[in-house]
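By convention here, the first residue in the shown sequence is residue 1.
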Amino acid sequence: MIRLPQLHPARPGQFPDPEQALEDPNGLLAWGGDLSAERLLSAYAQGVFPWFNEDEPILWWSPNPRCVFRTDGVHISRSLKKQLARTNWRLTADTSFARVMRACAEPRDGQPGTWISDEMIVAYQELHRLGHAHSVEVWDRGSLVGGIYGVAIGRLFCGESMFSARTGGSKVALAGLCQMLHGWGFPLLDAQVTNPHLVSMGAIEVPRKQFVAQARRLAAMPGMPGSWIKAQVPMPTTSRPIDDL
């Protein structure tokens with residue numbers, strides 16, 4: 001029987017040490033609490049994030065190893081570069097946060113449902129209102145063809161989910177976001193859990209202990225709070241080498 005710590009309802013900043021997380025399932029740390037803005041921001045600053053299905057209590061995770069992108073290390077394939085050369089796509093930030101979240105919540109092939117419930121959407125829209133949750137949108141004229149959203153605290157950006165309505169839409173959103181973050185002095189984007197798609201774009205794995213120390217340091221630094229709607233999101237055109245974190 002799995003015995004997990006339950007979060008105290010009146011202590012939103014208190015989480016167990018991530019090193020106490022289970023090995024199986026990898027990273028499961030605690031349950032309970034709520035999705036208040038204070039608790040979510042505290043979680044991300046400590047290397048912890050919520051992930052649960054609608055029929056489950058709120059579950060909190062900190063997997064080992066951690067999947068991250070160096071913001072100067074996203075790989076853009078030759079085929080995608082050629083595709084971009086033939087399109088009129090453009091990128092924006094924070095113009096359609098709710099649409100991006102709901103697009104990410106749509107059912108996908110091979111997945112019976114989504115973890116992005118209405119409860120999650122409400123919670124992250126509040127973070128967006130407070131200037132801590134952000135989206136990058138990819139447009140083909142008036143059509144939303146891709147996007148990504150996540151949480152920024154200090155100079156740490158934690159990616160949550162991305163989607164494509166056209167081939168390459170999510171890759172372009174991720175790469176454009178990373179180039180923008182790199183220009184602002186954000187050294188990494190947390191991608192949480194490794195999968196082949198992320199690795200193909202340059203994601204690397206780091207030990208949890210190293211990631212948590214880095215997350216705490218970055219979260220305490222001055223960041224870019226507030227709306228990013230006036231930001232210039234670059235169209236990704238280059239592929240940079242991947243170094244150790």
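The CG atom of L127 lies 7.5 Å from the CZ atom of F97; values are rounded to the nearest 0.5 Å. M221 contributes atom CE, which lies 13.0 Å from atom CD1 of I153 (distance to the nearest 0.5 angstrom). Rounding to the nearest 0.5 Å places CD of Q83 at 9.0 Å from NZ of K171. The CD atom of Q214 sits 15.0 Å away from atom NZ of K209, with the distance rounded to the nearest 0.5 Å. Between F157 atom CZ and L218 atom CG the span is 13.5 Å, to the nearest 0.5 Å. Summarising the geometry, atom OG belonging to S143 is positioned 9.0 Å from atom CZ belonging to R141; distances are rounded to the nearest 0.5 Å.
Under a hydrophobic clustering in which Ile, Leu, Val, Met, Phe, Trp and Tyr are joined whenever their side-chain heavy atoms come within less than 4.5 Å, directly or via other members, M235 and V233 fall into the same cluster. Under a hydrophobic-cluster definition in which Ile, Leu, Val, Met, Phe, Trp and Tyr are linked whenever side-chain heavy atoms come within less than 4.5 Å, directly or via other members, W184 and L177 are assigned to the same cluster.
Inter-residue side-chain proximity for P65 and V206 is flagged as unmet; no heavy-atom pair is nearer than 4.5 Å. With contacts defined as side-chain heavy-atom distances shorter than 4.5 Å, the pair W89/V145 qualifies. Under the 4.5 Å side-chain criterion, counting only non-hydrogen atoms from C-beta, L198 is in contact with C67. Between L59 and P50 the shortest side-chain heavy-atom distance does not fall below 4.5 Å. Counting heavy atoms from C-beta outward, M180 and F186 have side chains that stay 4.5 Å or more apart. Within the 4.5 Å cutoff, the side chain of F49 has heavy atoms near those of the Q192 side chain. Taking the side chain as every heavy atom from C-beta outward, I116 and C104 approach each other to under 4.5 Å.
Looking only at distances, no side-chain donor or acceptor of N53 sits under 3.5 Å from a matching main-chain atom of E56. Side-chain N or O atoms of D94 include one that pairs as donor or acceptor with a backbone N or O of S135 at under 3.5 Å. Side chain of Q46 to main chain of S42: a donor-acceptor pair is present (N/O by atom type, distance under 3.5 Å, no hydrogens or angles). At distances below 3.5 Å, not a single donor-acceptor pair connects side-chain atoms of H132 with backbone N or O atoms of V151. Not one N or O on the side chain of S170 forms a donor-acceptor pair closer than 3.5 Å with the backbone of M162. With hydrogens and angles ignored, the 3.5 Å screen pairs no side-chain donor or acceptor of S62 with any backbone N or O of G27. Here the side chain of T95 pairs no donor or acceptor atom with the backbone of T92 at under 3.5 angstrom. Side chain of N64 to main chain of P207: no donor-acceptor pair is present (N/O by atom type, distance under 3.5 Å, no hydrogens or angles). The backbone N or O of N26 sits nowhere less than 3.5 Å from a side-chain atom of D24 that would complete a donor-acceptor pair. Checked by atom type and distance alone, the side chain of S96 never pairs as donor or acceptor with a backbone atom of R99 at under 3.5 Å.
In this structure, L29 and Q20 approach most closely via the heavy-atom pair CD1-C, 4.2 Å. Listed here is the closest heavy atom pair of H134 and A152: CD2-CB, 3.8 Å. The shortest non-hydrogen separation linking R66 to G47 is NH1-O, 2.9 Å. Nearest approach of M120 to M101, heavy atoms of both residues: O-CE, 4.0 Å. When all heavy atoms of V199 and T194 are compared, the closest pair comes out as CG2-CG2, 3.5 Å. Closest of all the heavy-atom pairs between Y44 and E160 is OH-OE2, 2.7 Å.
Taking the ring centroids of W60 and F15, they lie under the 6.0 Å cut-off. A centroid separation of 6.0 Å or more is found between the aromatic rings of W31 and W61.
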(message) side-chain contact (heavy atoms from CB on, under 4.5 Å) for V68 and F211? Distances and angles first, verdict last.
(response) CA-CA 9 Å; V68 303; F211 171 79; 3.8 Å; yes

(message) Please evaluate residues L7 and Q14 with respect to the criterion side-chain contact (heavy atoms from CB on, under 4.5 Å), reporting the C-alpha separation (whole Å), side-chain torsions for both, the decisive distance (0.1 Å), and the verdict.
(response) CA-CA 7 Å; L7 299 186; Q14 190 175 83; over 6 Å; no

(request) Starting from the C-alpha separation in whole Å, work towards a yes-or-no answer on side-chain contact (heavy atoms from CB on, under 4.5 Å) for Q179 and H182. (result) CA-CA 5 Å; Q179 282 192 221; H182 182 67; 5.7 Å; no

(request) Kindly determine whether E19 and R208 satisfy salt bridge (charged side-chain N to carboxylate O under 4.0 Å, His left out), including the steps that lead there. (result) CA-CA 8 Å; E19 289 301 301; R208 175 175 54 215; 3.1 Å; yes

(request) Dump the intermediate steps for side-chain contact (heavy atoms from CB on, under 4.5 Å) on V100 and I148, then the final yes or no. (result) CA-CA 7 Å; V100 169; I148 185 172; 5.8 Å; no

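Here the rule is side chain to side chain contact (heavy atoms under 4.5 Å, CB included) with L174, and of L189, I76, V138 only L189 fits it.
Within 6.0 Å of the CZ atom in R217, the count of heavy atoms belonging to other residues, nucleotides or ligands exceeds 12. Under a cut-off of 6.0 angstrom, the local environment of CH2 in W139 is crowded, with over 12 non-hydrogen atoms contributed by other residues, nucleotides or ligands.
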